[in-house]
Structures are given as C-alpha cells and as structure tokens.
Protein chains: 2
Amino acid sequence: MTDIARECGITKMTVSRVLAGGDKVKPATKARVLAAAKKLNYEVNTLAKNLTKGRSGFVGVATPFEGLLGTCYFGECFRGFSKARKRFDLDFVLFDTKLESFQDGEKLTQLYRQCRFDGLLVLGAHMNDSFIESLKSAGIPLVIIGEKPLSSEICSVSCDNTGGVELLCEHLYTLGHRRIAFVEGPKNLKVAKSRREQYLNFCRTRKLITPPHYLQPGTFQMSSGREAGKALLTGHTRPTAIIAANDSMAFGVIESARELSLRVPHDVSVVGFDDLDDASQYSPPLTTVHQPAFEMGKLSAQKLFKSIDTDILPTGQTVLNVSLILRESTAVPPSGPST
Amino acid sequence: MTDIARECGITKMTVSRVLAGGDKVKPATKARVLAAAKKLNYEVNTLAKNLTKGRSGFVGVATPFEGLLGTCYFGECFRGFSKARKRFDLDFVLFDTKLESFQDGEKLTQLYRQCRFDGLLVLGAHMNDSFIESLKSAGIPLVIIGEKPLSSEICSVSCDNTGGVELLCEHLYTLGHRRIAFVEGPKNLKVAKSRREQYLNFCRTRKLITPPHYLQPGTFQMSSGREAGKALLTGHTRPTAIIAANDSMAFGVIESARELSLRVPHDVSVVGFDDLDDASQYSPPLTTVHQPAFEMGKLSAQKLFKSIDTDILPTGQTVLNVSLILRESTAVPPSGPST
DNA sequence: TTGTAGGCGTTATCAG
DNA sequence: CTGATAACGCCTACAA
C-alpha cells in the first residue's frame, strides 16, 4: 500500500480509501491508484484489515464430524449457507462438536473470544441444552439449525418434525394399517425425540397396539435400520407398516425385508424421513417426508449474516413446513384395509 | 494484556512471554501473570497475533460443494484431516470449487495472497490441470487428494485406481465372466478416467467383446447407475457382469436389476468402487474395492501441516494401496463358467 | 530475567 | 477531496 502511495505521489490513506470502496476521492486519483494497484499486483492483507476492524471474516459451522459431515443432509445445509452469502469476504470454518474439548461449549466460547470467528451456525446439536446456553451467554451470534431449543431467546431454523411424522402416520392409517412400528434415531438428538414422541402420540390417540418391540432403537444409519427391520419382521405380531425416523434407516429396513423375501410394499409398507436424493432411486421408490435442508441452511445463514452486519443478535424461531412425498413403498396392508 | 501487566506491576512484554510459552521468566512472575490472566478472563486476540506472525491459522479445503460435500467420501477425508491435526490453532475453511469465480484457480490465489489461509487441500479436482498449475505457481503450499497430477512437482495423495479396477476385472474374469460392462464417472474427473482406461485396457488384453453400449456414461450418482443398468440389462448382448466406477452407481445398477426382476448375483454380477459404509448393508452386500479415504485425508493433511510449520513446500506423490472386498454381489455367470 | 522501542498493514479520526 | 497522526494488540530485537 505504501508502494502504491509512493507510485502515485499521495498518502497511504488515500490509497486505503480508494481500495475500500472509493468514498470521496477525486476520480482521477482513484484511477491512478487502481492502475498502480494492478501494476504492483497488490492484494490487501486481510490480517491487518481484520485487526483494525475487529472481525475475523469467518463464520463458524459447528457440527459432529462423525455421523453428520459425510451426509447428504449436511451437504444440503452447507450449500444453503453458501448460497445465502452475498458478501464474499466471509468464509466458513468447520468445528467438530464430537471432539471432547468441544462438548461443553467452553472451547467454542474461547475461540470466539479469541476472534477466530464472528458468528456460529450449529448443526446437529445434542439434547444437552447447556451446550447452547453457554454459547448464548457468551454473546456469540448464533443460529441453531434443525431443532428448536427450549429457550425462545435462542435463534433457530428447523422443520416441522412433529407434523412430518403425523403426515406419515395419517397416510399409513388411511391405507388401513393398524400395526405400525417405528425405528427411532439416536437418543441424544432432539429431532429424533420429536419424531418418536409424535409416533407414540399418534398410536395413543388412535388406540393402536404398540408392543414394546415396535419401538426399535436406531442410529440414523442404514445398518441400524436393517437390524431393526429384521427384529420387527421376524418377531411376533409382525407390523404391516414400519416408519423409520430417517431415510437411511428406511433403506436398511427395506434391505432386511428383501433378505427375508418379503416384498415392499406388498407384504410390508416402509416410510422414511428426509427425502434424500436416493429415496427416489430406490426400488421401490421411498415414500417419505421432504425435509427442506437446503432452505434451512440458507435461511439460517441469512439470519446470521444479517446479525453480523448489524451487530444485533439474531432472534426468532422459524419452523419450516415439510411435505409428504408419496412414492411406491406404501400400499394397503396384506390383509386388506382394516375396519 | 495491558491490564494484566498493570495488575502485576510489570510490562506487557513479560506478559506476552508468559502467555506465549513462558520462555525465560521467573516462575513467581509467571504464576502471577497466569493468575491475573485467569482472573481477568483473558484470551489472546488472534487477529493481532496473526498480523505479527504473518499467518492466518487456517487451512483451506477446496472442493466442489455440489456433488462432493454431502458424500461419505468427503466426510471420511475430512475426518482424516481433522485427525492429522496436532496443533489446535489451525482450523479448516471450506471453499467451493464449483463457484464460477473459483474455476481457474485465480480466486484461490488471490485469497492466499490476502492471507486468508496458509495452505490448501484440494479434493475432487477437475481434469483441468491448469487450475492446479496456477495454484502451484502462486507458491501456495498445496496437496492434491484423490488423484495424481501430471506434474510430479505437485504433491498429492491418491489411491491405486488402476490397480483397483484391475482387481475387479480379474475377479470377474476368474469367475468366468466374459461379457463385462462398465459404468463410468464424470468425464472431467481424473479418477473416473483412470478407472475407465483400466477397464478398457483389461478388455483389450483379454480380448473381451465390448460393444459400444458396454461403456455407459454416469455421474457417480445412484440415479445414473440406475439408468445405465437399465440400458445394459435391456439392451442386446446382455452383460453377465457390470462394473460401476463407484459404489453409489453400483447401488443404482442393482436397483435397476430389481426393477427388471433380475437377481444379483444369480443373473448378473455387480461390483462397485469405494466401499462406502452402506456397501456391506445392501442386499446383496456389495463386492467392491476399498478406497482408504480416511487415510488419504490424514496423510495429506499431515504433509500440509508439516509444510506450513517448516515453510518448505510439500512434495511427493503418494499412491495408497486398495483392496478387493469380496461380498455377495458376484457369482459365476448364469451360463456357467466360460471356457 | 525484564524492559524499551518499534513495527506488522490497515483503518479511524480529525484537521486542512 | 486529501493528509497527518494515532491506534488495533501482539511480537521481534535489542538493551539493561
């Protein structure tokens, strides 16, 4: 910058002004500065700029690396973040909430106070609310994605998990299913809990039978769906329909049916939740609930960017709608519609 | 920092020394400083530290967001990066090579010169070598992952794609298959090209028939595998075995067989490449080649970190071994072993 | 073992 | 519209 100033016979200050956006500088000077900058192959030193501005120019994305990073859900959310970005001087840093050192939010708080990032997007948070509370109380601009924290003070963008499961249940019930089983997600995830609760709720309301083994544990991974499917399809009082708390597990359930030479949906109906890309490619194509991961990512990032720009903490708890995607993995139960 | 100094009745400088690692400071002073730091809830300002050090403390990860970010392969690599990290003052920034502005490497070069990151890991690079060359010539510490660039000057960590396809071909040939088809990956990816070349090579060597439609285009996505499978299984001279250039497409091929009521492996053998988590969960479990994505990620990150620490550009082209994972999607061809 | 002086490259502020 | 001066918070180098 000093070089440019010398080259143009002016001060650094004027050069800075031009490069920062050309506030009130004589057009002629401006042109000369720009020419010199080009000639000298100048690029700002972000490090120095950041120091004076007190900003790092980075947005943190906190997520469990193991279990979420390689999933389509994560990919879609992240593409949403990226899409929301209008200013290109903000980039994304990834933090692994699975590391022990990140478990309690203390570490992220510290990084924030060290000016490593300007705001935080939290994906796949655990039920452990104290994690989020501690981030909040550190004054970090914060948006939680995928679930709604207890405290309404905390900004979040999620989708209607309860409503989604309700749609699935209704659909199966209308087809005539009365023996409906459920494969749940990890116990420490709020989304998993919401989905399970709504299933149980539905069964209670409609007075459906729910032997204990109708509620199968799962990890959101295909393998757990396969195991749960095997248990359900070989156990007593075989269900006529199985709801998996996400698509991956639904695929696993379908595989288990195949292994047992049961046809989907003829012998058993299977539904999932998420609407992954592959859901439509499966045979049979999977009936599922579409979760708008891309939109969730985009909206949450927009909120955070705005917050960072304005220095006002983000607020509001947005719950996006989900929709039932009817494909071919569901049909009337083998015994025909119930009464 | 000034506050701590005042609190302890010493200068900033001594405080700095203590906080930087306590070089040659009297233990008593050191203790007092640390106590005061704790009391005042002090955290270094990374922004200032970076400015003096001339380092950003970030490692860039350049990858196409669309098509790679949501995949298991990316997840594994990234977990490898994270695992390689010994110093926790280096974090990972994501850059989207699918953005137009990143296509030619110019943008990343600019970001580097602006000190946004200290080194770069490139994942899923395009065939376009000029992209990589331009990064290299900008002097960016650089490791390419997954493919071996033409210029041996450029550091890379990849796996033996050629050998892997050879293993698959050999396996099928030994079982007796003579009509082997191939579903290829995106035309602009080097890995895809290597795998295809080796398939063609094998067919040539063994004098296998290869009608033009035996080489089906694909995108590495399940849907393209499904389409290719349909074309191959309904076309003339039906192959007895199909090699998909990755697992996702192999799943698609299997689905297409199911739709056509063909049994895998009884009527047609199917193999993939990657060994995704789900490959073992499929029914039939998929015979495939294991690609050590985690190790590739870890090793490449280690090289880069070392380079950043020592200020010596990373070198060497490592090619990791792959291994054939025999599962249940392959068998002798329906007509029995060939002569 | 500790202190002093100065600089890293940029922007803020106020004066001209 | 432009310039002078100081500051951002830390670290390097040298001196005491």
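Residue numbers begin at 1 in each chain, while the letters A, B, ... track the order of the sequences.
Nearest-nucleotide assignment on DNA chain D puts the 5′-proximal partner with A/R32, out of A/R32 and B/E43.
Spacing between atom CG of B/N50 and atom C1' of C/dT10 amounts to 14 Å, rounded to whole angstrom units. Rounded to whole Å, atom P of C/dT10 lies 10 Å from atom CD of B/Q114. What separates CG of B/L47 from C1' of C/dT11 is a distance of 13 Å, to the nearest Å. Put simply, CE on A/M1 is 12 Å from P on D/dG3, counting in whole angstrom units. When the C1' atom of D/dC8 is taken as reference, atom NZ of A/K49 falls 15 Å away, rounded to whole Å. Between the C1' atom of D/dC10 and the CZ atom of A/R113 lies a distance of 17 Å, rounded to the nearest Å. Straight-line distance from the CG atom of B/D3 to the C1' atom of D/dG9: 12 Å, rounded to whole Å. Counting to the nearest Å, the C1' atom of D/dG9 and the CZ atom of A/R55 are 17 Å from each other.
With sequence neighbours left out, B/S152 forms a side-chain contact (heavy atoms from CB on, under 4.5 Å) with B/Q317. Partners of B/E76 by salt bridge (Lys or Arg N to Asp or Glu O under 4.0 Å), not counting sequence neighbours, listed by chain and number: B/R79.
Each end of the helix from C/dT1-D/dA16 to C/dG16-D/dC1 yields a helix axis from five base pairs, and these two axes differ in direction by 30° (to the nearest 10 degrees).
Put simply, B/T52 has no side-chain N or O that comes within less than 4.0 Å of OP1 or OP2 on D/dG9. OP1 or OP2 of D/dT12 has at least one side-chain nitrogen or oxygen of B/K53 nearer than 4.0 Å. Checking the phosphate oxygens (OP1, OP2) of D/dC10, a side-chain nitrogen or oxygen of B/Y42 falls inside 4.0 Å.
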If you look only at distance, which donor and acceptor atoms sit under 3.5 Å apart when one is on a side chain in residues 61-70 of chain B and the other is two or more places apart or in another chain?
none

Sequence neighbours excluded and cut-off under 3.5 Å, please list the side-chain donor-acceptor pairs for residues 4-15 of chain B, or say none.
from: B/R6; atom 1: NH2; to: B/D3; atom 2: OD1; distance (Å): 2.9
from: B/E7; atom 1: OE2; to: B/K39; atom 2: NZ; distance (Å): 2.5

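Ion pairing between B/D96 and B/K98 fails under the 4.0 Å rule for side-chain N and carboxylate O. With respect to A/D91 and A/R85, a salt bridge is recorded, a charged nitrogen being found less than 4.0 Å from a carboxylate O.
In this structure, the side chain of A/K107 does not engage the main chain of A/L99 through any donor-acceptor pair within 3.5 Å.
Picking from C/dT10, D/dG9, C/dT2 the nucleotide with the shortest atom distance to the side chain of B/V25 gives C/dT2.
A side-chain donor-acceptor contact under 3.5 Å links B/K303 and B/T318.
Residue A/T29 is in sugar-phosphate contact alone, with no base atom involved, counting any heavy-atom pair closer than 4.0 Å across all strands shown.
A distance of 11.0 Å separates OG of B/S134 from CG of B/D129, quoted to the nearest 0.5 Å.
Of the residues in residues 5-17 of chain A, those with a non-hydrogen atom less than 4.0 angstrom from any atom of DNA chain D are A/I10, A/T11, A/M13, A/T14, A/R17.
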